[in-house]
S.K.: 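Got a structure for you, written out below as structure tokens; questions coming shortly.
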Amino acid sequence: MAHAIASRRAILPRGVSPRTFARAIREFTEIVGGRNVSVSPAELVPYAHDVIMVPPIWPSAVVRPGSVEEIQRIVRVAGALRIPLWPLSTGKNIAYGRMMAVDPGNVIVDLARMNRILEVNEQLAYAVVEPGVTYAQLYKHLRDRNLPLWLDPPATAPGAGPLGNTVERGVGYTPYGEHFLFSCGM
Ligand SMILES: Cc1cc2nc3c(=O)[nH]c(=O)nc-3n(C[C@H](O)[C@H](O)[C@H](O)COP(=O)(O)OP(=O)(O)OC[C@H]3O[C@@H](n4cnc5c(N)ncnc54)[C@H](O)[C@@H]3O)c2cc1C
């Protein structure tokens, strides 16, 4: 495995020249800082594999923004340079592709750093969360504050999150179980 990773050739997004890709990486690095951009095969391993035995799909890079403004800037660079992006919220899409993009060479935009619970409205029973918030985190938030609300999670790892599950049309177990139907303001 280590040898396979070390000898893997860099993958570029489809139709993007090495020069344009290098420019995109420079610009992404200016936006999020060097620690939050990686093209290293070793760091891309989790983004290339599911836990089930399907062939890997290697991305070209991963970028980890920390704010809405950084996402906006990343999308502007990607639009200008025609770089395909693949967003992840908590990346626990286990057995449905996990963190893999559908095409090789995409730049993964990993939103896990954005994990703040911005608001829980007890009276109207809604929460405003950033994409990296997990079900476990939201559950703990409700418990710690003794809020009389019931979370509607899928039957999966507590490390998965409401945003990823909702955009994937996930389902839970209460009358609010059709998650996309009960979401707004995305
Ligand atoms: C044992 C088991 C049981 C499960 N039971 C259930 C169940 O009962 N109900 C159910 O619904 N699911 C179930 N699942 C599936 C699992 O809940 C979902 O795969 C998980 O919720 C995905 O959430 P995530 O936060 O990890 O999403 P992510 O992996 O972050 O994203 C999921 C998808 O949404 C896209 N996406 C994520 N964030 C964004 C964004 N900000 N903008 C645009 N697109 C985005 C990603 O590209 C990806 O395709 C089960 C899985 C397992 C392994």
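Numbers here are sequence positions counted from 1. Order of listing sets the numbers, starting from 1, for every ligand and every atom in it. Only this structure's heavy atoms are used, side chains among them; waters, hydrogens and symmetry mates stay out.
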S.K.: Before signing off on this row, confirm whether A155 and ligand 1 have an N or O atom pair separated by under 3.5 Å.
M.R.: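 Checking ligand 1 against A155, an N or O pair does fall under 3.5 Å apart.
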
S.K.: Output, in order, the C-alpha distance, side-chain angles, deciding distance and verdict of side chain to side chain contact (heavy atoms under 4.5 Å, CB included) for V133 and L163.
M.R.: CA-CA 8 Å; V133 167; L163 197 286; over 6 Å; no

S.K.: Side chain, backbone, both or neither: which part of Y135 comes within less than 4.0 Å of ligand 1 when only heavy atoms are counted?
M.R.: neither

S.K.: Shared ILVMFWY cluster between Y176 and V129, side chains joined below 4.5 angstrom?
M.R.: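 The answer is no; the residues belong to distinct hydrophobic clusters.
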
S.K.: Angle between ring planes, W58 versus H49, binned at 30° and 60°: parallel, tilted or perpendicular?
M.R.: perpendicular

S.K.: In ligand 1, which numbered atoms sit nearer than 4.0 Å to a non-hydrogen atom of L163?
M.R.: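 Per the distance check, 38 (N), 39 (C), 40 (C), 41 (N).
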
S.K.: Identify, for atom 51 (C) of ligand 1, the protein heavy atom at the shortest distance, and state residue, atom and that distance.
M.R.: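 Residue, atom and distance for the closest contact: T156 OG1, 3.3 Å.
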
S.K.: Return the closest protein heavy atom for atom 30 (O) of ligand 1 as residue, atom name and distance.
M.R.: S89 N, 2.7 Å

S.K.: May I ask you to test the I83-V77 pair for a side-chain heavy-atom distance under 4.5 Å?
M.R.: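 I83 does not reach V77 side chain to side chain.
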
S.K.: Could you tell me, atom by atom, which parts of ligand 1 come under 4.0 Å of a heavy atom of Y173?
M.R.: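 So the atoms of ligand 1 that pass are 8 (O).
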
S.K.: Is any N or O atom of G91, backbone or side chain, closer than 3.5 Å to an N or O atom of ligand 1?
M.R.: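 Looking only at distances, the answer is yes, because the N/O contact criterion of under 3.5 Å is met.
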
S.K.: Pairing donors with acceptors under 3.5 angstrom, does anything connect the side chains of N115 and Q137?
M.R.: no

S.K.: Any idea which protein heavy atom is nearest atom 31 (O) of ligand 1, and the distance to it?
M.R.: G164 CA, 3.9 Å

S.K.: Quick one: nearest non-hydrogen protein atom to atom 19 (O) of ligand 1, plus distance?
M.R.: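 Protein heavy atom with the smallest distance to atom 19 (O) of ligand 1: N93 OD1, 2.3 Å.
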
S.K.: Just to confirm my output: which protein heavy-atom neighbour is closest to atom 20 (C) of ligand 1, and how far is it?
M.R.: A160 CB, 3.8 Å

S.K.: Using 0.5 Å steps for rounding, measure from the CG atom of L88 to the CE atom of M99.
M.R.: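 Rounded to the nearest 0.5 Å, the CG-CE separation comes out at 6.5 Å.
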
S.K.: Report yes if some N/O of L88 lies less than 3.5 Å from some N/O of ligand 1; otherwise report no.
M.R.: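 Such a contact does not occur with ligand 1.
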
S.K.: So, are E30 and R26 salt-bridged, with charged N and O less than 4.0 Å apart?
M.R.: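 No salt bridge links E30 with R26.
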
S.K.: Do you reckon V167 sits in the same ILVMFWY cluster as Y126, going by side-chain contacts under 4.5 Å, direct or chained?
M.R.: no

S.K.: Scan V63, V109, V62, V39 and name whichever one has a side-chain contact (heavy atoms from CB on, under 4.5 Å) with F28.
M.R.: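 Exactly one candidate clears the test, V63.
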
S.K.: Taking the minimum heavy-atom distance to atom 12 (N) of ligand 1, which of L85, N165, T166 ranks first?
M.R.: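 Comparing heavy atoms across L85, N165, T166, the nearest one to atom 12 (N) of ligand 1 lies in N165.
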
S.K.: Hey, what do you get for NZ (K140) to CG (L138), rounding to the nearest 0.5 Å?
M.R.: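 Answer rounded to 0.5 Å: 12.0 Å.
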
S.K.: Suppose I only count heavy atoms of W86 and a 4.0 Å limit; which atoms of ligand 1 are within that range?
M.R.: 47 (O), 49 (O)

S.K.: Under the criterion side chain to side chain contact (heavy atoms under 4.5 Å, CB included), I'd like the reasoning laid out for M100 against W86: C-alpha separation, chi angles, the key distance, then a yes or no.
M.R.: CA-CA 9 Å; M100 292 154 72; W86 182 265; over 6 Å; no

S.K.: Near G170, which atoms of ligand 1 are under 4.0 Å from a heavy atom of that residue?
M.R.: 11 (O)

S.K.: Starting from atom 33 (C) of ligand 1, locate the nearest protein heavy atom and write down its residue, its atom name and how far away it is, to 0.1 Å.
M.R.: E168 OE2, 3.6 Å

S.K.: Step by step, would you call E70 with N36 a side chain to side chain contact (heavy atoms under 4.5 Å, CB included)?
M.R.: CA-CA 11 Å; E70 287 182 3; N36 293 310; over 6 Å; no

S.K.: Output the list of atoms in ligand 1 that are nearer than 4.0 Å to some heavy atom of L111, sorted by atom number.
M.R.: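 Checking each atom against L111, I get 41 (N).
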
S.K.: Under the side chain to side chain contact (heavy atoms under 4.5 Å, CB included) criterion, do I25 and V37 qualify, and how do the steps go?
M.R.: CA-CA 8 Å; I25 294 300; V37 177; 4.1 Å; yes

S.K.: Would you kindly specify which portion of K92 sits under 4.0 Å from ligand 1, judged on non-hydrogen atoms: side chain, backbone, both or neither?
M.R.: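 Both the backbone and the side chain of K92 come within reach of ligand 1.
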
S.K.: Find all atoms of ligand 1 within a distance of less than 4.0 Å from any non-hydrogen atom belonging to Y96, and give their numbers and elements.
M.R.: 15 (C), 19 (O)

S.K.: Are any non-hydrogen side-chain atoms of T134 and K92 less than 4.5 angstrom apart?
M.R.: no

S.K.: Quick one: does ligand 1 sit under 4.0 Å from the side chain of V167, the backbone, both or neither, non-hydrogen atoms only?
M.R.: side chain

S.K.: Is it the side chain (CB and beyond), the backbone, both or neither of P131 that lies under 4.0 Å from ligand 1, heavy atoms counted?
M.R.: neither

S.K.: Could you check atom 46 (C) of ligand 1 against the protein and tell me its nearest heavy-atom contact, residue, atom and distance included?
M.R.: P87 O, 3.2 Å

S.K.: Within a distance under 4.0 Å of any heavy atom of P154, pick out the atoms of ligand 1 and give their elements.
M.R.: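 In order of numbering, the contacting atoms are 6 (C), 7 (C), 8 (O), 9 (N), 10 (C), 11 (O), 12 (N), 13 (C), 17 (O).
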
S.K.: Are more than 12 heavy atoms from other residues, nucleotides or ligands located less than 6.0 Å from atom CZ of R23?
M.R.: no

S.K.: Short N/O distance, under 3.5 Å, between T90 and ligand 1?
M.R.: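 Among all N and O atoms of T90, at least one is under 3.5 Å from an N or O of ligand 1.
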
S.K.: Test of understanding: given a 4.0 Å heavy-atom threshold, classify the contact between T134 and ligand 1 as side chain, backbone, both, or neither.
M.R.: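 Neither part.
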
S.K.: What protein heavy atom sits nearest atom 11 (O) of ligand 1, and how far away is it?
M.R.: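 Sorting protein heavy atoms by distance from atom 11 (O) of ligand 1 puts V171 N, 2.8 Å first.
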
